[in-house]
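What follows is a set of notes on a single structure, which appears directly below.
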Amino acid sequence: VWAAKAWREGDPGGTRAGRRPRAGSVPTGFLDVDVTSAPLALECLYTPWAPGTDSDGAPTPQDCPRVFSAGLDLTEMCGRNPAHYAEYWKAVQELWLRTYLSSLVLVAAINGACPAGGCIIALACDCRVLADNPKYHIGLNETLLGITAPFWFKDAYVNTIGHRASEQALQLGYLFPPSEALQVGLVDQVVPEDQVLSTALSEMARWLAVPDHARQLTKNMMRKATADRLLRQRDADIQNFVSFICRDSIQKSLQVYLEKLRQRKG
Ligand SMILES: CCCCCC/C=C\CC(=O)SCCNC(=O)CCNC(=O)[C@H](O)C(C)(C)COP(=O)(O)OP(=O)(O)OC[C@H]1O[C@@H](n2cnc3c(N)ncnc32)[C@H](O)[C@@H]1OP(=O)(O)O
């Protein structure tokens, strides 16, 4: 994701959210910032956990392909206490709200798998460019983990791919391969892997060509109702998350899923 203003201006003072991510560390793996301890200054970020810039200040490709984001960090949701879950969920809300409502142009250059929390952050961007690799699935797969996507994940999905497609994909926990993601409108472009970044930059240029104030007001007009819905119910949403995630049956499901992931690796 490129936060346009900072990148365009070279932003020497901006916060580089660098370092190699580890799978599953979203929200921290996505922007690679500790959202649990610091207010997130999205407008100061100019790269994701990717790249860096070359001598002209242009972004260079990240060194960790294959995973755009493995979603939220499941270890943050297993075996912890209610206070931890509440703080974690508040940070997830904050990351999404700031991304979704950012006045910057945000283009997601998706060069790897993009499930669940990864998808929701990509959906908060203005535009998504996905690498054409059959392994790079994108979508909200929560039900396959035995959990449910919260209403604001669902809202973002519906806003992007419509009600029927969301209903089906959410219940099935379906992860779309690139061609289907394009067809359903979950991403805006699918391009060969080595063209993801250049295409994202071209998209960025297209969006930046529009007068900022008009684009920003329009973006806000389109997104405000969805964001307000969460803002009105933030505390209730946190309480709901905590009581849901604390259930023995949910903890068991998550542990089984994590164990499967680890075994698959071996
Ligand atoms: C009331 C509402 C409640 C619910 C609210 C919504 C909650 C959560 C939304 C989410 O985001 S849930 C997370 C969903 N994510 C996934 O299902 C993706 C799982 N991961 C994968 O499928 C794969 O890891 C990958 C992304 C396709 C990458 O594959 P790769 O082969 O490159 O990597 P692995 O070897 O599988 O994994 C490396 C390492 O990371 C661990 N890991 C993977 N994903 C996560 C994760 N999301 N959280 C924590 N840990 C994760 C995996 O177990 C390996 O760990 P180690 O063996 O190295 O310890």
Side-chain angles (χ1 to χ4, degrees), residues 1-6 11 14-19 21-22 24-50 68-78 80-108 114-126 128 140 142 147-160 216 219-220 222-246:
V1 178
W2 303 96
K5 190 167 70 180
D11 191 26
T15 306
R16 170 129 190 265
R19 301 204 313 274
R22 65 191 174 87
S25 56
V26 159
T28 53
F30 174 72
L31 293 170
D32 205 14
V33 287
D34 183 359
V35 292
T36 57
S37 66
L40 184 69
L42 183 66
E43 273 67 12
C44 289
L45 294 171
Y46 69 87
T47 78
W49 40 260
F68 173 75
S69 160
L72 301 187
D73 190 339
L74 295 168
T75 64
E76 297 284 344
M77 297 181 222
C78 277
R80 313 281 190 131
N81 61 52
H84 178 92
Y85 296 137
E87 190 186 8
Y88 182 69
W89 197 246
K90 192 173 177 190
V92 174
Q93 290 177 336
E94 189 67 19
L95 174 65
W96 182 76
L97 283 166
R98 290 191 185 222
T99 310
Y100 190 68
L101 291 176
S102 174
S103 59
L104 303 175
V105 173
L106 297 175
V107 178
C114 190
C119 176
I120 212 64
I121 294 298
L123 283 176
C125 295
D126 299 296
R128 286 156 290 285
L140 299 179
E142 277 80 355
I147 56 180
T148 53
F151 71 87
W152 43 285
F153 282 33
K154 179 269 293 174
D155 287 346
Y157 224 27
V158 170
N159 290 349
T160 310
Q216 286 168 3
K219 179 172 181 175
N220 190 263
M222 295 301 294
R223 295 189 169 206
K224 190 172 183 309
T226 301
D228 280 352
R229 189 152 178 245
L230 172 59
L231 285 167
R232 277 196 304 273
Q233 306 179 56
R234 261 189 102 158
D235 290 343
D237 183 57
I238 292 171
Q239 288 316 311
N240 184 51
F241 174 76
V242 173
S243 62
F244 183 79
I245 220 74
C246 283

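Computed from heavy atoms alone, side chains included, the values below leave out hydrogens, waters and symmetry copies. Predicted model only: the values in this text are computed from it and were never measured.
A distance-only check finds no donor-acceptor pair linking the side chain of Arg128 to the backbone of Ala108 [under 3.5 Å]. With hydrogens and angles ignored, the 3.5 Å screen pairs a side-chain donor or acceptor of Arg80 with a backbone N or O of Thr75. Although no hydrogens or angles enter the test, the distance criterion places no donor-acceptor pair under 3.5 Å between the side chain of Arg232 and the main chain of Ala227. For the pair Lys224 (side chain) and Lys219 (backbone), a donor-acceptor distance under 3.5 Å is absent.
Note that CD1 of Ile245 and CG of Leu74 are 8.5 Å apart. Values are rounded to the nearest 0.5 Å. Within the model, atoms CD1 of Ile238 and OH of Tyr88 stand 13.5 Å from one another, a figure rounded to the nearest 0.5 Å. The CD atom of Glu76 sits 9.0 Å away from the CD atom of Glu87 when rounded to the nearest 0.5 Å. To the nearest 0.5 angstrom, Gln233 atom CD is 12.0 Å from Trp152 atom CH2. Annotation: the span from Asp155 atom CG to Tyr100 atom OH amounts to 8.0 Å, rounded to 0.5 Å. A distance of 9.5 Å separates CG in Asp73 from SG in Cys78, rounded to the nearest 0.5 Å.
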Audit row: Val92, Leu95, side chain to side chain contact (heavy atoms under 4.5 Å, CB included) steps and yes/no: CA-CA 5 Å; Val92 174; Leu95 174 65; 5.8 Å; no

Derivation of the salt bridge (charged side-chain N to carboxylate O under 4.0 Å, His left out) call for Glu94 and Arg234: CA-CA 10 Å; Glu94 189 67 19; Arg234 261 189 102 158; 3.0 Å; yes

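More than 12 heavy atoms of other shown residues, nucleotides or ligands fall within 6.0 angstrom of atom CG in Asn81. With a 6.0 Å radius and a threshold of 12 heavy atoms from other residues, nucleotides or ligands, Lys90 has its NZ atom at or below the threshold.
With contacts defined as side-chain heavy-atom distances shorter than 4.5 Å, the pair Trp89/Leu72 qualifies. At a threshold of 4.5 Å between non-hydrogen side-chain atoms, the residues Thr148 and Glu142 do not count as touching. By the 4.5 Å heavy-atom criterion applied to side chains, Ile120 and Leu123 are counted as neighbours. Two residues are said to be in side-chain contact when any heavy atoms from C-beta on lie closer than 4.5 Å; Leu230 and Trp96 meet this criterion. Tyr157 places a side-chain heavy atom less than 4.5 Å from the side chain of Cys119.
Thr226 and Asn159 get closest at one heavy-atom pair: OG1-ND2, 3.0 Å. Heavy-atom minimum distance, Leu106 versus Cys125: O-CB, 3.4 Å. For the pair Asp126 and Leu104, the tightest heavy-atom approach, listed with the atom from each and the gap, is OD2-O, 3.5 Å.
The aromatic rings of Phe241 and Tyr85 stand perpendicular to each other, their planes meeting at an angle above 60°, with 30° marking the opposite boundary.
A search for salt bridge (Lys or Arg N to Asp or Glu O under 4.0 Å) contacts involving Asp237 returns nothing, not counting sequence neighbours.
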